[in-house]
Each structure stands twice: as structure tokens, then as C-alpha cells.
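Accompanying notes for the structure given below.
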Protein chains: 2
Amino acid sequence: MRSSRVAGQPRYAVVAQALTEDILSGRYSVGAILPSEHALCTQFDISRHTTREALRRLQALGLVTRRAGVGTQVKSNHIAQRYVQVGDTISDLYQYAKDMVLNVLEMTDIEADADAAALLGCSKGQAWSKLRGVRVTDGGDEVVALMDAYIARTYRGVLGDIDGADLPIWSLIESRYGVVPAEVRQQISATTLSRAEAENLSAREGDPALRITRHYLTEALDVYEVAISLYPAERFTYSNTLRIEHLASVS
Amino acid sequence: MRSSRVAGQPRYAVVAQALTEDILSGRYSVGAILPSEHALCTQFDISRHTTREALRRLQALGLVTRRAGVGTQVKSNHIAQRYVQVGDTISDLYQYAKDMVLNVLEMTDIEADADAAALLGCSKGQAWSKLRGVRVTDGGDEVVALMDAYIARTYRGVLGDIDGADLPIWSLIESRYGVVPAEVRQQISATTLSRAEAENLSAREGDPALRITRHYLTEALDVYEVAISLYPAERFTYSNTLRIEHLASVS
DNA sequence: CTGTTACGAATGTCCGGACAATTTGTCCAC
DNA sequence: GTGGACAAATTGTCCGGACATTCGTAACAG
């Protein structure tokens, strides 16, 4: 018996709603395989086309992934907000280094002690390369930021490419190793410059500054780069524009 | 005559690729209406189902919008990077006010002078309501932020709801007027507290603080709320996690 | 001139069927 | 055991058709 059509609700929406609830409530846990298209067709007494439309919605919501030969797998048990980054100012998440050059001051290989392990989110003793440098404007006449970066030892090879580069480090890693950032965690806080920091930045002690810490993670959620940048307030404002994507609700 | 199938390329991908190039190159400008599904079916000699699959891809890339009775309209002439916000910390873009209460200090109606017009991105003389308040923790024992907000006079009605609210103002406007933010522009900068600011925040003069300015815009890109918040550094770090969406390329 | 109605055009919602491509696992030969 | 051939299950790619819903506009009525 065909399930009766609810007023104003397309059939695929009914199915999508039901499956969404099952996923959000945990009846299907993350990693579980949903019933096959054929099974859903039988269960809801709808055509395969309609079933696929329903599953397409779940996919658009980021709840499931689909693979031929495998099935429909639950990817996430909550619906995340989606943003589209617009504009291309110097300070955009991925473009903040545009028109700037990175001059290396110091490079060392380290094994993470307790402090570093906490910062980097790794176990004690893990091997990293540490780098200290300044970002200067393309002409080289103004220091914009002081940066400490930690790079997983695996990608040590980029160290040679960094001095004088006008690209972010993660981008150098990408072109050399093919590692793309899949997730970026950032913390932005306010601070005042210490004597030593002010010296490197040709600013005054006590001046306000923005401290931006970014963790770059691979698809497998391994941290492979951490960058901590210090931007004197008068030379830098972090700004971005986010456009909210209007996701078609399943209901 | 049916267009021959390129090796490894589904038919819909060929169509999607062709249309994408036409949009990116500007042959179809933003706002233009693409040929109808029927026309594309004839042009490429494919079924309507295949045509719709191609257009679905363009939609997923954010290049077009589709409306029944109208057609497929070009929305953007470039492919933007997509981020998905994950996590739900206190400082997430839309959740930063969680577990906090807003206490109003002062409310006034203003007409924008030159300074205000520049800040709000409106013409001089436009009518706004200005509000000064502090965000305190739920228990009320700690001041977390000092906030100046400007609300378009049209939504003046929310002013009565604000004192003591534990929601962001835009959220109050949404529930009362049905206005949803479609775009948010934010600037984050570092500063040090002035004497007066420190007093309101029970902090010390010269302490570092984060100044976050947010413009909330409607779908039509009208600014309807501007919030400027001052967070003493030791009580607040702005942090968020962005997951990069792997958009299926059309090719 | 203004408000209403009617029509056409476009996308949205469904159904049916067929074959291709991908993946996983089983079974057999070596 | 190990490797390869094979089969089964699953999603992906296409085709055809039918009717519903939405929206702009043109014709019409007042």
C-alpha cells in the first residue's frame, strides 16, 4: 500500500525527513550503512527515482555519502551550518598572505615537549620542524606579522621553499606533497606586544596586537601545520564576509 | 544527432562543463536566464532527466538558482570556496551569545551623521536605534563584553525584547519580523581598553581586548543590524573550525 | 487606469524500465 | 595460502512519459 501523500509534502521529502530523524536521533550511527535504494523503495512504496531524490537531499545536507558498490553511509549525525566565503581581501582565511613575503629568521628541528605537544595536539616527543619568520609587504618596507610555524617532520622538505615565498606555507606543502587542508581550526585573540615581539615588529612595547593561531588538518584529521601569527593592530584587521547558504530543509 | 559520449565522461558532465564555461567566461552574465530544460534537451540531444542532472551540478556549485515558472538564472560567475562550520563553542559566529545575558545600559533613537553613516554603510540622516549594553555570564557575576548595536528603525520593536535576552539580537529580529541574515560581514581587530571602557567591563585601562564588528545583511544586501562588541582578551578568544567542502567538480 | 482572470512557459514531482560501473566477497585452481 | 575469475549487491547513468505547481504576462473586465 502506497503511503498517503501528506498535504504540501512531496513524497521524497517525507522519506528524507524520516531518514534524517533516524540519523539525528542516532538510530543510524555514524558510519552505518542505510538501507539500499531498493529496500527503501519497497519500504515506502515509491519509485527508485523518488528514493534517490530523498537521498540526494541527505547528501546535500552533508549527512551521508554514497558510493557505488557500497551503499549510503552516514557521515555525520548533525546538520552543520554552511557558509560561502565571498570577497578576496588580504585577510581572507586562505588569502591573508597575498602581496606579502615571508622572511625566515630561524629554523630548528624539535621534538615536542609537554608544552608543544599541548599546542600542537600531538603526543610528547613527536618530531616537528619549527620556523620563525616575519611577513613583510611585497616591497619589503613594512613588517606586517611575526609568525611561528610548526610543520610535521614528514613535510620538512618545504623548509627550503619558504624563505621569500609569497604564499602561505600550507599552499607550499600542497604543491610539493599534494596534501590539502580539509579542516582549519583557528583561534583569534587580542594581546599586547612584549618587548622582544615589539622589536621584531618595529612597534612599541604594549601595543595591541592580534594573535591568530591556525591548525591545518588533513582529511584524516591529522594536524600537519600550526601557524601562530602576531599582527600589530594598526596594520591589520581580520575581516571576512560569510554568505549563509540557504539549504533546502528536508521538511 | 546525439552528441557522442566522451570517454569516461557522463553526458550530464559534458553539458555541465559547457554551461559552466559559458558562465565563468561571461557568455551568460549574472542575472541572465539560461536556455530552458527543453531547449537544452534539443540542443544536446539528451533526455530531460540528464539535462536536470547537469543543472543540478551547476546549482550545487552555487552558479545558478532555479525557480519554477521562471527558469534557471545565473547567480554567480565564479566558483566560491565553501566552508562548513563545525563545533559549537561559545564563540561560534552564531552562538557566541550562548549562556550569556544582555543587559541594556542605554537606548536612543538617532539619525545617522557622517560618522555613523560610514560605519553603517547607509546614507546620512537615515533612522536607526542605538543601543549600548553589556553581555554578562548567565549567573550575572562576570562581564564578558561591552556592546554597541545599531538596529534599523524598521525593527525598533525588538528593543523591548532585548534587556535580559540570552539570544543574539539578530535572532530576536528573526523571530519577531521573520528577517533572516543572508550575509554577515565581520571585522576583528585588537585594541586596548580606554578608561571608560575598562570601567564598564570591570577591567584595567590598557588591557588588550578584541573588537568584533558585525554587519548583518538581508538577502537584498540591506544592512539591518550592526553590532560592535569589545571583549577583554583574558575572558574571550574567538575561535572556530572550518571544514572545507569537497565540491564535486563538473568535469 | 486598475484589478482580475486566463494562458503559456518553465521547473517540480513522480512513475516505469534498462544497462553500466564499482565494490565486496566467495569460490576455485594453483 | 595466494591469486584470479566470478557473482551478487549497490549505486550511477540514461531513456521514456505524465501531470502538478509556480510565475510572469497578456488579455480582459470594470
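Heavy-atom basis, side chains included; hydrogens, waters and symmetry copies ignored. Below, read A as the first sequence line, B as the second, and so on, with proteins coming before strands; counting in each chain starts at 1.
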Rounded off to whole Å, could you give me the [atom1]-to-[atom2] distance for the [X] and [N] pair?
X        : N       : atom1 : atom2 : result
Leu55(A) : dT11(D) : CG    : C1'   : 10 Å
Leu40(A) : dC15(C) : CG    : P     : 13 Å
Arg11(B) : dG12(D) : CZ    : P     : 19 Å
Glu53(B) : dT11(C) : CD    : C1'   : 16 Å
Asp45(B) : dG16(D) : CG    : P     : 8 Å
Gln73(B) : dT11(C) : CD    : P     : 12 Å
Glu37(B) : dG8(C)  : CD    : C1'   : 16 Å

*Closest approach of Asn77(B) and Ile23(B), non-hydrogen atoms and distance?*
CB-O, 3.9 Å
*Closest heavy-atom pair and its distance - Ser76(A), Gly62(A)*: CB-O, 3.8 Å
*Between Val70(A) and Arg48(A), which has a closest nucleotide on DNA chain C that is more 5'?*
Arg48(A)
_Could you check whether the side chain of Arg67(A) and the base of dG12(D) have a donor-acceptor pair of N or O atoms closer than 3.5 Å, going by distance alone?_
no
Is any side-chain N or O of [X] closer than 4.0 Å to OP1 or OP2 of [N]?
X        : N       : value
Thr50(B) : dC15(D) : yes
Arg66(B) : dG12(C) : yes
Tyr12(B) : dC14(D) : no

*asked:* Main chain of Gly31(A), side chain of Gln73(A): is a donor-acceptor contact present, judged purely on distance under 3.5 Å?
replied: yes
Out of [options], which has the shortest distance to the side chain of [X]?
X        : options                   : value
Arg52(A) : dG12(D), dT13(C), dC15(D) : dG12(D)
Ser47(A) : dT11(C), dT13(C), dC14(C) : dC14(C)
Ala68(A) : dT10(D), dC15(D), dT11(C) : dT10(D)
Thr72(A) : dC15(C), dT21(D), dT11(D) : dT11(D)
Pro10(A) : dT13(D), dC14(D), dC14(C) : dC14(C)

*side chain to side chain contact (heavy atoms under 4.5 Å, CB included) partner of Leu102(A), chosen from Asp166(A), Ile169(A), Leu172(A)*: Ile169(A)
*Would you call the rings of Tyr155(B) and Tyr177(B) parallel, tilted or perpendicular, where under 30° means parallel and over 60° means perpendicular?*
perpendicular
*Tell me which of His49(A) and Gly69(A) sits closer to the 5' end of DNA chain D, going by the nucleotide each one is nearest to.*
Gly69(A)
*Considering heavy-atom distances to DNA chain D, does Thr51(B) or His38(A) have its closest nucleotide positioned more toward the 5' end?*
His38(A)
